[in-house]
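If you're wondering where the values come from, they're calculated on a predicted model, not measured in any experiment. First the proteins, then the strands, lettered A, B, ... as listed; each starts at 1.
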Protein chains: 4
Amino acid sequence: MSTTANSAKRADARRNERALLDAAASVFVTDGVDAPVRRIAAEAGVGMGTIYRHFPSRADLVVAVYRHQVDACAEAGPTLLGTATSPSAALRQWVDLFADFLTTKHGLAAAMRNDPDGFTALHALFLDRLVPVLADILSAARNAGEVTADVSAYQLIRAIGDICAGAELVDPAYDARLTIRLLLDGCRR
Amino acid sequence: MSTTANSAKRADARRNERALLDAAASVFVTDGVDAPVRRIAAEAGVGMGTIYRHFPSRADLVVAVYRHQVDACAEAGPTLLGTATSPSAALRQWVDLFADFLTTKHGLAAAMRNDPDGFTALHALFLDRLVPVLADILSAARNAGEVTADVSAYQLIRAIGDICAGAELVDPAYDARLTIRLLLDGCRR
Amino acid sequence: MSTTANSAKRADARRNERALLDAAASVFVTDGVDAPVRRIAAEAGVGMGTIYRHFPSRADLVVAVYRHQVDACAEAGPTLLGTATSPSAALRQWVDLFADFLTTKHGLAAAMRNDPDGFTALHALFLDRLVPVLADILSAARNAGEVTADVSAYQLIRAIGDICAGAELVDPAYDARLTIRLLLDGCRR
Amino acid sequence: MSTTANSAKRADARRNERALLDAAASVFVTDGVDAPVRRIAAEAGVGMGTIYRHFPSRADLVVAVYRHQVDACAEAGPTLLGTATSPSAALRQWVDLFADFLTTKHGLAAAMRNDPDGFTALHALFLDRLVPVLADILSAARNAGEVTADVSAYQLIRAIGDICAGAELVDPAYDARLTIRLLLDGCRR
DNA sequence: GATGAATGAGCCTTCATTCAT
DNA sequence: AATGAATGAAGGCTCATTCAT
């Protein structure tokens, strides 16, 4: 009937899925990704069964919550490489974006530290999507002589991930950005 | 009354405390700092009530478990400053020591990420004891012109702590030491 | 209105009912008669609401599933009485048929043990349909002097039913047929 | 201190274990062996955790509930063989005892039909304890020429078990004893 | 002081059943 | 009529914590 159609029935199902994603995102921030299923359901205003229908395992929910943002972050890579004044500027900007995503937005980083078994999926989402993006930027920067250290995109992205994960324990005296900047400086020479 | 006196009763109390510390240290490594109280008691061969008598809260136990090692790490600072070939060498060595402590030995870092509320005590132990030590080394290095970046000991110690915490998710392709080295390089220039 | 008419709509309703019966029969075998409604619906390729429309209670479904076979078993009685070499041979053959039905085919026997309240309907189906059949055979055998024990058809059919029900816990060392044979022997003298 | 002592502490623990066994026996009769843990705990007047402490798995509880009675039944075998007027009389009496145990006392038989996986333990308890007893009686009867059919003790005990299990669906028109008698008659000739 | 039995809140998960579409 | 999404009661299990012995 229209460009938005996805079968009549799915109207409320989609509404619920959306509500669940929003609720989960919000609850993850305050209570962590191990938050009780009940709380997420309550926050979303749905029954618990509805969570299990849409996201059979907790990992499914977590991945879904963050997928959009990971995608956005990935897509920004090539763009920045085109618009920044230099590859290293693109590197700085993309790393900032990634750090923003990690630190500011959703408490995602904590997700990766708890339950490392179950969250392989999340880990994979990250790595699969973002490592190639950073690899391109890094490669450009290296070709321009702006990065000399022998460091892989994987190594770098994990370092940044861990730094931001730790920074969630907020303390005005600690500035994750500064740490990241020092790290990038260390890559340059 | 005297400094050495500790009534007969105290003898097994002390034995128990020691047993609990050892047991907790061991269980923390395998099961994490959130390990069931029962398991720790069982490992120590004491009743659960005994844990609560000696360490009313989990944080008390965690702090006690790591205090010795934190002390050892702190005491190594001045020593290294005296024996190393340069302040920056001392910095490198001490940071390695600290990272060893964090990474290799005890899964301590994870402790700081979980339950950040309850582990203020642990956090404080770290900061109170180790920040001054690193500050001295850092200051010496700065005086020698070997560190130029505007970075505080607190900033640095947290950065290293977070990096090591993240590195507990073991992966041969990731090398926390390399990250730390790059970070220190970034401090030098 | 006519005896053959069943408006067009009824066509797929019937198809669905058939599909449900087949699906239920199949699922009952593998998962027992307490199988989740959802699984039956899925197996039949219909929605769950459709099950409830056609078979408001689980008992309705169970009864419907087995009615055909019970009928077939009932109809075999008079036939066997006509073809067998003696009434007691007919008895043996019919009891074998019944045991086959119970044991081999469908796990039906278990149905009668679980939820005895809700399965009165199933129980009734059995008794109403099969007891008279067995009664006739038994009576013929008694008249021929081939059964002397004072045992009713109901008593006998329940005994066989229970024996087969128990035999569903498969064990090569146990042979329900042997038990039934001994029981019939005991009826003869 | 005394012949009843089993360490001071266990006083209430034992009281609880006893209460649990009684409660479970009673609840098993009315609700079956799949009765909710919560209900058993409530009936016993203890917390749920107490059940899990004493009987980690449901099978443990079920076995414990019935062990006494199985023992009593087993011990009656040799006795009856000594006191009965003939081996076949002993057989009849022991089988009656066993059937009493199964039918009248505790709904145990149902236990063996549900959850056949988890109740291997119960099954084993039965077989290990009772089959040898029946085997002795059967052997005596066979030696006396009072049993001629080629039937094993295991075959017989399972047959009786299944018959009694089925008889729990009470119906005045059905008499499990009669079925068993016919079965024994069938063994004799 | 030490013990460990008991408690019970809290979480996860499954499914029968309803009902909006 | 059919669908299948949603609901929520029900039950299993784990552990932190208390307290009688």
Side-chain angles (χ1 to χ4, degrees), chain A residues 7-17 19-20 34-42 44-54 56-58, chain B residues 7-17 34-42 44-54 56-58, chain C residues 7-17 34-42 44-54 56-58, chain D residues 7-17 19-20 34-42 44-54 56-58:
Chain A
S7 111
K9 199 60 128 319
R10 245 67 183 225
D12 52 317
R14 284 240 234 117
R15 200 163 26 251
N16 276 335
E17 181 159 336
L20 274 171
D34 291 332
V37 173
R38 244 185 267 280
R39 205 192 307 284
I40 298 170
V46 306
M48 289 177 317
T50 305
I51 289 194
Y52 285 95
R53 165 177 295 273
H54 288 284
S57 80
R58 187 177 290 268
Chain B
S7 80
K9 267 277 174 66
R10 220 51 172 257
D12 45 306
R14 282 237 234 116
R15 201 161 29 248
N16 276 338
E17 182 160 333
D34 292 332
V37 173
R38 219 184 291 280
R39 208 189 309 280
I40 299 169
V46 305
M48 288 176 316
T50 306
I51 288 195
Y52 283 93
R53 166 172 302 273
H54 288 285
S57 80
R58 185 178 291 266
Chain C
S7 78
K9 268 275 173 67
R10 220 52 172 256
D12 44 308
R14 283 239 234 117
R15 202 164 24 252
N16 276 338
E17 182 159 332
D34 292 333
V37 173
R38 220 185 291 280
R39 208 189 310 280
I40 299 169
V46 306
M48 288 177 315
T50 306
I51 287 195
Y52 282 92
R53 165 172 303 274
H54 287 284
S57 80
R58 185 178 291 266
Chain D
S7 111
K9 198 61 127 317
R10 245 71 182 221
D12 53 316
R14 283 238 235 118
R15 203 167 18 255
N16 274 335
E17 181 159 334
L20 275 171
D34 291 333
V37 173
R38 257 185 255 279
R39 206 193 307 286
I40 298 170
V46 305
M48 287 179 318
T50 305
I51 289 195
Y52 285 96
R53 165 178 295 273
H54 288 284
S57 80
R58 187 177 291 269

TODO: State, to 0.1 Å, how close C/N16 and C/H54 come at their nearest heavy-atom pair, and which atoms those are.
DONE: CB-NE2, 4.0 Å
Open item on the list: Once side-chain hydrogen bond (donor to acceptor under 3.5 Å, both in side chains) is applied, do any residues pair with C/R39, and if so which ones, sequence neighbours excluded?
Closed with: C/D31
Task: Where protein sits on nucleotides 7-12 of chain F, one letter per nucleotide: B base, S sugar-phosphate only, - none, heavy atoms under 4.0 Å - done: BBB-BB
Task: Between C1' of E/dA2 and CZ of B/R14, the distance in whole Å - done: 18 Å
- [ ] Please list, chain by chain and in numerical order, all residues satisfying side chain to side chain contact (heavy atoms under 4.5 Å, CB included) with B/R53, sequence neighbours excluded.
- [x] none
- [ ] Provide the closest heavy-atom pair for A/V37 versus A/I51 in the form atom of the first, atom of the second, distance.
- [x] O-CD1, 3.7 Å
Task: Inter-residue atom distance A/T50.OG1 - A/M48.CE, 0.5 Å rounding - done: 9.5 Å
- [ ] Go through the structure and list residues passing side chain to side chain contact (heavy atoms under 4.5 Å, CB included) with A/A44, not counting sequence neighbours.
- [x] A/A19, A/L20, A/A23, A/V46
- [ ] Anything below 3.5 Å on both distances counts as a pair; with that, list the stems of at least three consecutive Watson-Crick or G-U pairs involving DNA chain E.
- [x] E:2-21 with F:2-21
TODO: May I ask you to evaluate whether D/H54 reaches the phosphate of E/dA6, defined as a side-chain N or O under 4.0 Å from OP1 or OP2?
DONE: yes
TODO: Please state how far atom CZ in D/R15 lies from atom P in E/dT7, giving the value in whole angstrom units.
DONE: 12 Å
